[in-house]
Each structure stands twice: as structure tokens, then as C-alpha cells.
> 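Take this structure, written in C-alpha cells, and hold onto it; I'll ask about it next.
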Amino acid sequence: MWYMLVVTLLWGSSFSLTGHILAGHVDGFFSVFIRTLIAAIVFVPMMTWRGLPARLIAGLWLCGALQFGITYALAYQSFRLLTVPEMLLFTTLTPLYIGLINNALDRRFNPWTLLAAAFAVSGGMVIHYHGLTGDFWRGFWILQLANATFAAGQVICRRLLLARRPDLSMPKLFGHFFLGAVLISALLYLFFGHSDQLPQTPLQWGLLVYLGLVATALGSLWLAKGSTLVSVTALAIFNELHVPIGLIINLLFWGSDVSVLRLLAGCALIAVAVGINYLGATRRAAQHA
């Protein structure tokens with residue numbers, strides 16, 4: 001549980017930092033490439049190939065490509081088409097994708113997962129709803145692809161680690177995860193990046209290094225570890241907690257026009273989602289006892 005809380009805090013703050021310092025100033029494809037490259041440099045020296053099943057290695061490469069390479073590239077592009085409130089509103093759909101993808105892979109319907117995710121999404125939308133402006137539909141669909149690939153990467157990585165239960169420690173596996181992310185992000189920057197939009201200030205470079213080392217490298221490691229210790233419903237809910245945390249951070253450091261009443265109402269709905277997750281887990285445990 002603590003792994004997930006730390007990651008939520010890290011990513012809630014990272015969203016505001018990216019939106020206020022990098023978005024619109026630094027090429028998004030370059031930002032993604034640097035973040036994943038830094039994370040790969042952290043883990044590749046520790047990684048191992050010997051004794052690992054080929055399916056595990058391929059699965060980790062796929063998860064890295066989905067969760068960071070493709071997701072982050074799409075998310076950075078959406079900054080060009082959406083206002084920050086619109087983008088935050090649309091990211092609240094991620095828990096639903098987690099529930100749907102996991103149910104599809106299980107080939108069964110789990111109402112507790114979808115019900116809890118629906119309350120979590122409702123909470124995020126209450127907090128973040130603003131009137132939609134500008135040419136947002138293209139941005140909406142780009143961000144939905146990002147939500148779906150991010151959710152798929154989390155679900156597949158969790159299932160892979162739970163099924164394989166490798167004896168190796170997580171750091172020795174995550175070089176494979178980030179090699180997949182680097183490969184995709186490098187190709188995206190090569191074909192779609194703009195070399196005239198590189199970081200220009202020490203603050204921008206420093207933030208990219210921080211995001212690569214802390215938010216991306218450590219955040220992904222702790223997310224993967226935490227996801228194996230909680231239910232998939234809890235994983236979906238934690239994907240929504242960045243909403244109030246990100247808002248509070250944004251309010252403290254950059255100011256925010258979100259009313260306290262909406263913030264409290266949204267947090268209450270997310271709390272209901274947590275309760276549903278606990279109830280569902282309790283009933284499933286009783287059924288298997």
C-alpha cells in the first residue's frame with residue numbers, strides 16, 4: 001500500500017511540474033525519450049538475461065513500451081490540444097480501462113472492480129470538470145489512447161509478475177522494462193520530434209533529470225511492486241488519487257480555481273470507491289475461505 005501512496009504523490013506533483021515548466025516549451029517526444037533513457041541507464045547495469053523465460057522478457061519490454069513509451073508520447077502531445085483542466089478531466093477515465101482490461105483478460109465480469117472504478121472516475125470528474133473549450137475532441141481521443149495504453153501496461157505487468165513470480169529482485173528485471181520504453185520513445189522522437197524545441201534552461205534540464213530518475217525510474221518500480229500487493233480494484237483507485245493530490249500541490253504552488261466544495265465532494269466519491277474495494281475484497285475472501 002505504501003508503494004502506491006508514494007507513487008501517487010510523485011506522479012501527482014510531476015503532472016503540475018510538467019504542465020507548468022515543460023509543456024509548450026520542450027518537444028514532448030524528446031522529453032519522453034530523455035525520461036525513459038535516464039530510467040534505463042539506472043536499471044540496465046543491474047539487469048540479467050540468464051535464466052529468464054523469453055516470454056517474461058518480451059512481456060516486460062511490451063509493458064515498458066506501452067506504459068511509458070507510447071503513453072507518455074501521447075500524453076505530451078495532448079498538452080498541445082487541451083487545456084490543463086480538460087486534460088485532467090480526461091485522465092480520470094484510466095480506472096475504467098484498468099477494470100475493463102483486467103476483466104477481459106480474465107474472461108469474466110467483476111462488478112466490484114467496475115463499480116469502484118466508476119465511483120473513482122466520478123470523483124475525479126467532480127473535482128476537475130470545466131466547460132470544454134477549443135478543438136478538444138482530437139485531444140480527447142489522443143488522451144484516451146494514452147489512458148488505455150497506460151492501463152494495459154499496468155495490468156499486464158502486474159499479471160506477468162504475479163504469474164511468473166521470478167526469484168530475481170525487481171531492479172534486475174526493470175532494465176528490460178525500460179529498454180522497451182526507450183526503443184519506442186527513440187523511434188517516436190526520430191520520426192516525429194522537433195530538434196529545435198530542446199530544453200533551453202537549467203530548470204528544464206534539471207526537471208527532466210528529476211522526472212527520469214525519480215518519477216519514471218523509481219515511480220515505475222514502486223508501482224509494479226505495489227500493484228502485486230493490492231487487488232486490481234485498488235490499483236484502479238490509486239490511479240485516481242493523483243487527482244486530489246495533484247490539485248492540492250497545484251493549489252499550494254501555482255494557484256487553482258477549483259472550489260473547495262468540489263474538491264471535498266470528489267474526494268468523498270473516491271473514498272466510497274475505497275470502501276467498495278474493501279467490501280468486494282472481503283466478500284471474495286469469504287467465498288474462498
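Note that the numbering runs from 1 along the sequence shown for the chain.
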> Report the distance from atom CG of L208 to atom CZ of F33, rounding to the nearest 0.5 Å.
12.0 Å

> Any chance you could measure W222, atom CH2, to S227, atom OG, to the nearest 0.5 Å?
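Spacing of CH2 (W222) from OG (S227) equals 15.0 Å.
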
> How long is the gap from CZ on R158 to SG on C63, to the nearest 0.5 Å?
12.5 Å

> Does a side-chain heavy-atom distance below 4.5 Å link L60 with L52?
no

> Taking C-beta and beyond as the side chain, do F29 and H194 meet within less than 4.5 Å on heavy atoms?
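No, their side chains stay 4.5 Å or more apart.
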
> Could you tell me if the side chain of F30 sits less than 4.5 Å from the side chain of I34, heavy atoms only?
yes

> Could you walk me through whether Q200 and H25 pass the side chain to side chain contact (heavy atoms under 4.5 Å, CB included) check?
CA-CA 9 Å; Q200 300 296 317; H25 305 288; over 6 Å; no

> Roughly how far, to the nearest 0.5 Å, is the CG atom of D106 from the CG atom of N102?
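Separation between the atoms: 4.5 Å.
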
> Between Y97 and F150, does the ring centroid distance fall short of 6.0 Å?
no

> Heavy-atom distance under 4.5 Å between the side chains of F68 and F177, does that happen here?
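Side chain of F68 against side chain of F177, heavy atoms only: contact under 4.5 Å found.
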
> Which heavy atom of A73 sits nearest to which heavy atom of L188, and what is that distance?
CB-CD1, 3.5 Å

> Nearest heavy-atom pair of V32 and S185: which atoms, and what distance?
CG1-CB, 3.8 Å

> Donor-acceptor check, side chain of Q67 to backbone of A65, threshold 3.5 angstrom: yes or no?
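No: the side chain of Q67 does not pair with the backbone of A65.
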
> Any idea which heavy atoms bring M46 and K172 closest together, and the distance?
O-CG, 3.3 Å

> Heavy atoms only: give me the nearest A215-R35 pair and the separation to one decimal.
CB-NH2, 3.9 Å

> With heavy-atom distances below 4.5 Å as the criterion, would you say the side chains of Y72 and T36 are in contact?
no

> Work out which heavy atom in L221 is nearest to a heavy atom in P171; give both atom names and the distance.
CD1-N, 4.0 Å

> Please tell me if the side chains of V42 and F174 come closer than 4.5 Å, counting only heavy atoms from C-beta onward.
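V42 does not reach F174 side chain to side chain.
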
> Are L162 and L223 connected in the hydrophobic side-chain network, where two residues link if heavy atoms are under 4.5 Å apart?
no

> Answer whether the closest heavy-atom distance between the side chains of L161 and M170 falls below 4.5 Å.
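Yes, side chains in contact.
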
> Which heavy-atom pair separates I38 from V209 by the least distance, and what is that distance?
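Looking at all heavy atoms of both residues, the closest pair is CD1-CA, 3.7 Å.
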
> Using 0.5 Å steps for rounding, measure from the CG atom of L62 to the CD1 atom of I57.
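Going from the CG atom of L62 to the CD1 atom of I57 covers 13.5 Å.
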
> For residues Q154 and I101, determine if any side-chain heavy atom of one lies less than 4.5 Å from a side-chain heavy atom of the other.
no

> So, taking the atom named CG in L66 and the one named SG in C157, what distance separates them when rounded to the nearest 0.5 Å?
10.5 Å

> Given S195 and Y189, is the side chain to side chain contact (heavy atoms under 4.5 Å, CB included) satisfied, shown in steps?
CA-CA 9 Å; S195 59; Y189 176 62; 4.0 Å; yes

